[in-house]
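One-based numbering, in listed order, for ligands and for the atoms of each.
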Amino acid sequence: MTTDQDGIKARIKNISSTLPEGVELAAVSKFHSPDAVRAAYDAGQRIFCESRAAELAMKAAQLPDDIQWHFIGHLQSNKIKLVVPYAHTIQSIDSEKLLRAIDAEASRTGRHINVLLQVHVAAEESKYGLTPRELTELAERTLGSLTNVTVTGIMGMATNTDSEQRINADFEAIRSLFHNLKAGIMAGNPDFRVLSMGMSHDYHLAIAHGSTMVRIGTSIFGEREY
Ligand SMILES: *Cc1c(COP(=O)(O)O)cnc(C)c1O
């Protein structure tokens, strides 16, 4: 299948122009070709998200250096080495063990990486992430003890449902956690500023709840072929 380069460029420009100031667009390019990423890049897009380690490494090696690669999938310990050389931000920190292992690998290889702690509030059992309490405890336990990693915010997903009420409640729970951290243990820390929430079908609601970064795949690149 050939890549619809013009369509991708048009959708990047269209979505970017409608985002309010202070909301960044992270284009979710997982399962799409390097050509698709290139089309979005040519339209001015610089932040791209991947969910598989090998795919991120493969694309990063062949695409321009000024792309900010974000990792958003569940990261297994044995894949850390593939991601650390390329990642600007790892958005999917769901355990202390993973966070400390990334810090150690970044330190060993002289890299610096931003991370977001992933919160789980959605109804689905299968989604990864920490409960708000676990996330807060992890932030407390690791505060000041990481050398090559900066915790720049949190990432979350709403329940995959048609119920706007449920989606709004989930985004509100994520926003409230972010706010409590900012006013609490992260107070006075200017690095802690990213509230990553909102996907293709719910990003308007996420923005209404204070999202500073929306992660959009399907509405830019079309359906994924798994
Ligand atoms: C795939 C994915 C997205 C993008 O979803 P779309 O519905 O295609 O916009 C956003 N966030 C995470 C964590 C994802 O895994």
Item to check | Phe31 six-ring centre to Arg52 NZ/CZ under 6.0 Å and within 45° of normal | outcome: yes
Next on the checklist: Whether Arg38 engages the ring of Tyr41 as a cation-pi pair (distance to the six-membered ring centre under 6.0 angstrom, angle to the ring normal within 45°) should be assessed.
Outcome noted: yes
Using a strict cut-off of 4.0 Å, indicate which atoms of ligand 1 neighbour a heavy atom of [X].
X: Met157; result: 13 (C)
X: Lys30; result: 1 (C), 2 (C), 3 (C), 14 (C), 15 (O)
X: Thr218; result: 6 (P), 7 (O), 8 (O), 9 (O)
X: Ile216; result: 9 (O)

Checklist entry - What part of Gln91, side chain, backbone, both or neither, has a heavy atom within less than 4.0 angstrom of ligand 1? => result neither
Item to check | Beyond-backbone contact of Ile80 with Leu98, side-chain heavy atoms, under 4.5 angstrom | outcome: yes
Which residue and non-hydrogen atom of the protein lie closest to [atom], and at what distance in Å?
atom: atom 12 (C) of ligand 1; result: Ile72 CD1, 3.6 Å
atom: atom 5 (O) of ligand 1; result: Met199 CE, 3.5 Å
atom: atom 9 (O) of ligand 1; result: Ser200 OG, 2.6 Å
atom: atom 11 (N) of ligand 1; result: Arg215 NE, 2.8 Å

Would you say the side-chain atoms of [X] and [Y] include a donor-acceptor pair closer than 3.5 Å?
X: Gln118; Y: His120; value: no
X: Thr212; Y: Arg193; value: no
X: Glu50; Y: Ser29; value: yes

Checklist entry - Is it true that Phe178 and Phe192 have ring centroids separated by less than 6.0 Å? => result yes
Next on the checklist: Checking the N or O distance criterion of under 3.5 Å, is ligand 1 in contact with Gly217?
Outcome noted: yes
Checklist entry - Hey, does Ser219 come in under 3.5 Å of ligand 1, counting only N/O atoms on both sides? => result no
Item to check | side-chain contact (heavy atoms from CB on, under 4.5 Å), paired with Ile154, selected from Leu177, Leu130, Leu116 | outcome: Leu177
